[in-house]
Amino acid sequence: QQPVQSPQAVILREGEDAVINCSSSKALYSVHWYRQKHGEAPVFLMILLKGGEQKGHDKISASFNEKKQQSSLYLTASQLSYSGTYFCGTEDNNNDMRFGAGTRLTVKP
Amino acid sequence: NAGVMQNPRHLVRRRGQEARLRCSPMKGHSHVYWYRQLPEEGLKFMVYLQKENIIDESGMPKERFSAEFPKEGPSILRIQQVVRGDSAAYFCASSRGDPAYNEQFFGPGTRLTVL
């Protein structure tokens with residue numbers, strides 16, 4: 001039931017781009033993305049609903065392909081502040097919400 | 001507007017004791033979720049509650065663990081007869097309503113250490 005995230009970890013230089021993927025074996029109603037800094041609570045980034053929508057703010061955006069039961073998070077021109085662990089949370093048609101194991105992103109100067 | 005509050009922030013228990021973790025959701029939020037996180041691992045869903053109702057407890061161990069969200073007061077996650085394997089950070093999150101449309105706001109977590 002837990003969504004699968006890939007990659008598990010990624011290291012970038014400032015200014016580089018990254019893509020984090022999230023896939024589920026179940027039909028999805030919505031996908032949530034959160035970022036957690038070490039020792040802190042997860043913080044909300046965005047929700048995507050089925051309908052194939054895309055969302056974004058600043059240089060972080062995401063897409064949701066409900067047919068493929070996948071979502072991707074795009075980080076463009078990464079900044080040092082983007083470092084952290086990114087979690088996708090998937091909600092199925094029964095309102096069951098589950099989080100992936102996380103993708104650890106490290107941005108270096 | 002205060003965020004999600006959890007207490008205590010740190011809790012130390014000896015094996016066999018009981019641990020009670022409290023979560024006060026944000027004002028106006030009636031949905032509460034509990035998650036467990038082991039060091040360097042992801043968030044593992046435990047239970048989803050609305051006021052006075054357990055909606056989904058499929059992530060809760062069958063024994064020793066229980067959760068409630070009474071009409072008045074905070075949500076409580078109770079772990080009886082704790083074992084070393086229960087050591088983890090326990091996060092609660094609250095939302096205004098349906099998870100499809102409402103982001104979850106996380107509390108700062110309670111770090112449980114079982115000696």
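Here the structure is a predicted model, which is why all the values come from computation and not from measurement. By convention in this document, chain letters (A, B, ...) are assigned in the order of the sequence lines, proteins followed by strands, and residues within each chain are numbered from 1.
Looking at every heavy atom in both residues, B/Gly107 comes nearest to A/Ala41 through O-CB, 3.0 Å. Considering every non-hydrogen atom in both A/Gln36 and B/Phe91, the closest pair reads NE2-CZ, 3.6 Å.
When hydrophobic clusters are built by joining Ile, Leu, Val, Met, Phe, Trp and Tyr residues whose side-chain heavy atoms come closer than 4.5 Å, directly or via intermediates, A/Val10 is grouped together with A/Leu45. Linking Ile, Leu, Val, Met, Phe, Trp and Tyr residues whenever their side-chain heavy atoms come within less than 4.5 Å leaves B/Phe65 and B/Tyr33 in two separate clusters. Under the 4.5 Å side-chain heavy-atom criterion for grouping Ile, Leu, Val, Met, Phe, Trp and Tyr, A/Tyr86 is not connected to B/Leu38 through any hydrophobic cluster. Tracing side-chain contacts under 4.5 Å through hydrophobic residues (I, L, V, M, F, W, Y), one never reaches A/Ile60 starting from A/Val19; they form parts of separate clusters. When hydrophobic clusters are built by joining Ile, Leu, Val, Met, Phe, Trp and Tyr residues whose side-chain heavy atoms come closer than 4.5 Å, directly or via intermediates, B/Trp34 is not grouped with B/Ile76.
Residue B/Lys51 qualifies as enclosed at atom NZ: its count of foreign heavy atoms under 6.0 Å is above 12. In A/Met46, the CE atom is crowded: over 12 heavy atoms of neighbouring residues, nucleotides or ligands sit closer than 6.0 Å. The neighbour count for B/Arg96 CZ, taken as heavy atoms of other residues, nucleotides or ligands under 6.0 Å away, does not exceed 12. Heavy atoms of other residues, nucleotides or ligands lying less than 6.0 angstrom from CD of B/Gln81 number 12 at most.
Taking CD from B/Gln37 and CZ from A/Phe99, the interatomic distance works out to 10.5 Å, rounded to the nearest 0.5 Å. Note: A/Thr85 OG1 to B/Glu41 CD = 12.0 Å, rounded to the nearest 0.5 Å.
Of residues 101-109 of chain A, those residues with a non-hydrogen atom less than 4.5 Å from any non-hydrogen atom of chain B are, in numerical order, A/Ala101, A/Arg104.
Among the candidates A/Gln2, A/Arg98, A/Met97, the single residue satisfying the side-chain contact (heavy atoms from CB on, under 4.5 Å) test with B/Phe45 is A/Arg98.
Contact of B/Tyr35 with chain A is made through the side chain alone, with heavy-atom distances under 4.5 Å.
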